[in-house]
Amino acid sequence: MTSPSRRRLKTLAGAGSAIYASGDTRPDTGISRAVALAKKAEKEKFTALFTADLLQADPDGLSGSTGSQDPIVTLAALSQVTSHIGLIATVSTTYQHPYNLARLIGTLDHVSGGRAGWNAVTSSVGEENFGDIQLPAPEVRYARATEFIQVINALFDANQPDAVTRSKNGSVSIDPRKLHPINHHGDFFRVQGPLNVPPPPQRRPVQFQAGQSEEGLKLGAKYAEVIYTSQPTLEDAKAFVERVHHHADASGRRENRPLIMNSFHSIIGESPSDVARRLFEKHERIDYQQGRLRVADMLGGEIDLRDSPLDQPIPLRLLPDVEQVNRRRGRAEIFKRFALQGLTLRELIIQAQETGHWFVAGTPESLADAIEERYRAGVLDVISLHGLGQADQEDLLLNGLLPELRKRELIDRDYSGGGFSGKSWFARAALKSVFHLP
């Protein structure tokens, strides 16, 4: 049983791909499937749909279909076939502009009835598509992200809630005197305002932030409502949360620390022998040549592992100085730690299939044990669950893991307080005060 004072875990599912594929019998096959998955997630009372994003066509195919559709457009479409589930779009603060994003996310909040959220990332790829010769250094990207969030929050906060009125016939009128400029002049942005999208239902859509390097951690601890992090072990998770709390407290957020989100990568099986079979088959499908590229990418992308022996550890001389890594510094830290533990290249390639995320293979009961352990340890508030839309995993997720989590009262059985739009899932009066929640 959960403590009456402890909120239940909030659950996220990935939004389905809406794209058309050659060979589809109908041009709307992709969006129809995405709609069906969104409806299924809402029926199962998932808190929100989450969309990842990358800003390049990955030349080595390491990222799958991630980045092949615009998250905000996709979620806007899904908002029209759902009523309660949240809609969280990943957005690059390096290659987006805060005024434009305020318009987009603000509009998404309007069209969804107050269910929008956005996940701030600083991007580790894509510079070639936005005029940069090199990806800006992490320190520069996070300085820009900090100012980006300050600007977008100022834009949302400046306009008066009653700036828009509706007539009896349904039309709206906007009082421009209640839309206020912000006159921001910073190192990265000059934004006068006002935001010309009137105050959305949530005023400020829910703010997620992804990143686990020290710079990212400080940013999330100061501004985010939810921090999305990759922590492969319980010990890693405890250490990370301790650092988050330290920085949040230093920023004056002792009473409203950000919630912690993990992506839970899993293989669900009906029995221990079924789990072992599924795990064996997963490992059998690994392309170890591509796996070398993936591990190199996890370690910052500047090392060559094509000729390294699979069954020996990576030589120490090849491991990067994490402080000098420009791309995915937090991920490089995780994989350097794995390498220093003596894992062979083969073992690192297996680990890299989950890109440094928390991974467990087991029955619904043993997976629930792992989730409950982190929840009871106070290091998990929001969890992204995999399996929806996967033919060999969906039934075990919907009829195995989710019922087990409900039985233990770890997750919600229904939407409450208006679903995501009421932000009731944060359940903190102090958080409402800081983030101007209704």
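In this chain, residues are counted from 1 in sequence order. Since the structure is predicted, the reported quantities are computational estimates derived from the model, not experimental observations.
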Determine yes or no for a side-chain-to-main-chain donor-acceptor pair under 3.5 angstrom, with [X] supplying the side chain and [Y] the backbone.
X	Y	value
Gln209	Gly216	yes
Gln202	Ala116	yes
Glu42	Thr82	no
Asp311	Leu345	no
Arg376	Glu372	no
Thr94	Ser123	no

Check: Would you find more than 12 non-hydrogen atoms of other residues, nucleotides or ligands less than 6.0 Å from Glu302 atom CD?
Finding: no
Note to self: Is it true that, when you exclude Glu139 itself, more than 12 heavy atoms of the residues, nucleotides or ligands shown sit nearer than 6.0 Å to its CD?
What the structure shows: yes
How about [X] and [Y]: does a side-chain donor come under 3.5 Å of a side-chain acceptor?
X	Y	answer
Arg253	Asn256	yes
Ser79	Ser112	no
Gln353	His265	no
Arg141	Asn326	yes
His357	Ser230	yes
Trp358	Gln231	no

Could you tell me if the side chain of [Y] sits less than 4.5 Å from the side chain of [X], heavy atoms only?
X	Y	result
Thr93	Trp118	yes
Leu385	Leu12	no
Arg103	Leu108	no

Salt bridge present between [X] and [Y] (N-O < 4.0 angstrom):
X	Y	value
Arg408	Glu404	yes
Asp381	Arg7	yes
Glu284	Arg277	no
Asp412	Lys10	yes
Arg292	Asp304	no
Glu214	Arg243	yes
Asp274	Arg278	yes
Glu225	Arg257	no
Lys282	Glu354	yes
Arg331	Asp297	no

Check: Between Arg337 and Glu333, does a side chain to side chain contact (heavy atoms under 4.5 Å, CB included) hold up when you go through it step by step?
Finding: CA-CA 6 Å; Arg337 188 162 63 245; Glu333 183 178 356; 3.9 Å; yes
Notebook entry, point to check: Tyr288 ring centre to Arg346 NZ or CZ under 6.0 Å, with the angle to the axis within 45°?
Noted result: yes
Check: Hey, which of Arg327, Gln56, Gln134 is the one that makes side-chain hydrogen bond (donor to acceptor under 3.5 Å, both in side chains) with Glu127?
Finding: Arg327
Next item on the list: Only one of Thr51, Asn119, Asp53 passes side-chain hydrogen bond (donor to acceptor under 3.5 Å, both in side chains) with Thr90; say which it is.
Entry: Asn119
Check: With sequence neighbours left out, what residues match Phe359 under ring pair (Phe, Tyr, Trp, His ring centres under 6.0 Å)?
Finding: none
Margin query: Could you check whether His97 and Phe189 have their ring centres less than 6.0 Å apart?
Written below: yes
Next item on the list: State yes or no: are the ring centers of Tyr95 and Phe130 separated by less than 6.0 Å?
Entry: yes
Next item on the list: In sequence, state the C-alpha distance, the side-chain angles, and the governing distance for Asp157 and Arg204, and then conclude on salt bridge (Lys or Arg N to Asp or Glu O under 4.0 Å).
Entry: CA-CA 7 Å; Asp157 292 347; Arg204 289 187 192 179; 2.4 Å; yes
Checklist line | Pairwise distance CG(Asp70) to CG(Leu55) - rounded to 0.5 angstrom | finding: 9.5 Å
